[in-house]
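Step one of this worksheet: look at the structure below.
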Amino acid sequence: DSGVTQTPKHLITATGQRVTLRCSPRSGDLSVYWYQQSLDQGLQFLIQYYNGEERAKGNILERFSAQQFPDLHSELNLSSLELGDSALYFCASSQFGGNSPLHFGNGTRLTVT
Amino acid sequence: SQQGEEDPQALSIQEGENATMNCSYKTSINNLQWYRQNSGRGLVHLILIRSNEREKHSGRLRVTLDTSKKSSSLLITASRAADTASYFCATVPPQGGSEKLVFGKGTKLTVNP
C-alpha cells in the first residue's frame with residue numbers, strides 16, 4: 001500500500017461532460033503529481049503541485065485543470081470530455097518533488113462513451 | 001515527449017534467468033529512477049540513482065548509470081514469475097528546470113514459470 005488514495009476507481013461518463021478526480025497524498029508528502037496513461041501515449045506528465053503551489057506543467061490540455069488544497073489533497077478536473085480522454089489517471093506524491101521517490105495511487109480509470 | 005526510452009519494448013525469459021532492461025535519455029539529469037507496474041496498477045518505485053553515482057543495488061536489482069552515454073540499465077537477477085510487470089525509467093532534469101518526472105514507455109517483462 002503506497003498510502004496514496006485516489007477516488008473514484010472507475011468513472012464512466014459521456015462526451016461533453018465534466019468530472020473531478022480526487023487524490024489524497026501519502027502522509028507527510030508535500031508534492032502531488034498527476035499523470036495520464038493510455039495505451040498509445042504511455043505515461044504522460046500533466047502537472048505537479050508542491051505545498052499548494054503549481055510547480056511544473058506538462059502536456060495538460062486547457063480543458064483540464066487541477067489544484068492542491070491547504071490539507072494537501074488534490075483534484076484534477078476534466079471538462080468537455082472527448083473519447084480520447086479515456087485513460088488511467090494516476091496521482092503520485094513525494095516528500096521533496098522530483099528528487100525523491102514518487103508513491104503512486106492505483107489510479108482512476110476514466111471511460112468516455 | 002518522452003525523455004527516457006526503454007529497450008527492449010518487450011522481454012520474455014524463463015524463471016531463474018537474469019533480465020536486463022536499458023534506458024536512454026536525451027538531456028542531462030539530476031537523478032534517474034526505475035519503477036515497476038503490474039498490469040493496471042499504480043507504479044512502484046524500485047531504485048533512485050543520482051547523477052554522481054555509477055551503480056546501485058537493492059536485493060536482486062542492480063542499476064547502473066552512464067552519464068557520458070546518457071544511459072542506464074536495470075538488471076534483475078534470478079527472476080521469478082512475480083517479476084512479470086512493466087518496468088519504466090524516469091528522469092528529472094537539473095535544477096533550474098522543472099521538477100517533472102518524465103517516464104519512458106516501458107519494457108514489458110514476462111517471466112515464464
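In the text below, chain A, chain B and the rest are named by the order of the sequence lines, each starting its count at 1.
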Q | Check ion pair D83(B)-R60(B) (N to O, under 4.0 angstrom) | A | yes

Q) If only atom types and distance count, is the side chain of E15(B) paired as donor or acceptor with the main-chain N or O of R80(B) below 3.5 Å? A) no

Q: Please flag which part of Q6(A) lies under 4.5 Å from any non-hydrogen atom of chain B: side chain, backbone, both or neither.
A: neither

Q | Heavy-atom contact with chain B under 4.5 Å, split by part of Y50(A) | A | neither

Q.
Aromatic contact between F103(B) and Y35(A), with the criterion being ring centroids under 6.0 Å apart: yes or no?
A. yes

Q: Could you tell me which portion of L102(A) (side chain, backbone, both or neither) has an atom closer than 4.5 angstrom to a non-hydrogen atom of chain B?
A: both

Q. If you measure from the Lys or Arg side-chain nitrogens to the Asp or Glu carboxylate oxygens, is any gap between R63(A) and D85(A) under 4.0 Å?
A. yes

**Q.** Residue S100(A) versus chain B: region with a heavy atom under 4.5 Å
**A.** backbone

Q) Given that the side chain runs from C-beta out, which part of L43(B) has a heavy atom under 4.5 Å from chain A: side chain, backbone, both or neither? A) both

Q) Would Y89(A) end up clustered with V44(B) when hydrophobic side chains under 4.5 Å apart are linked, directly or stepwise? A) no

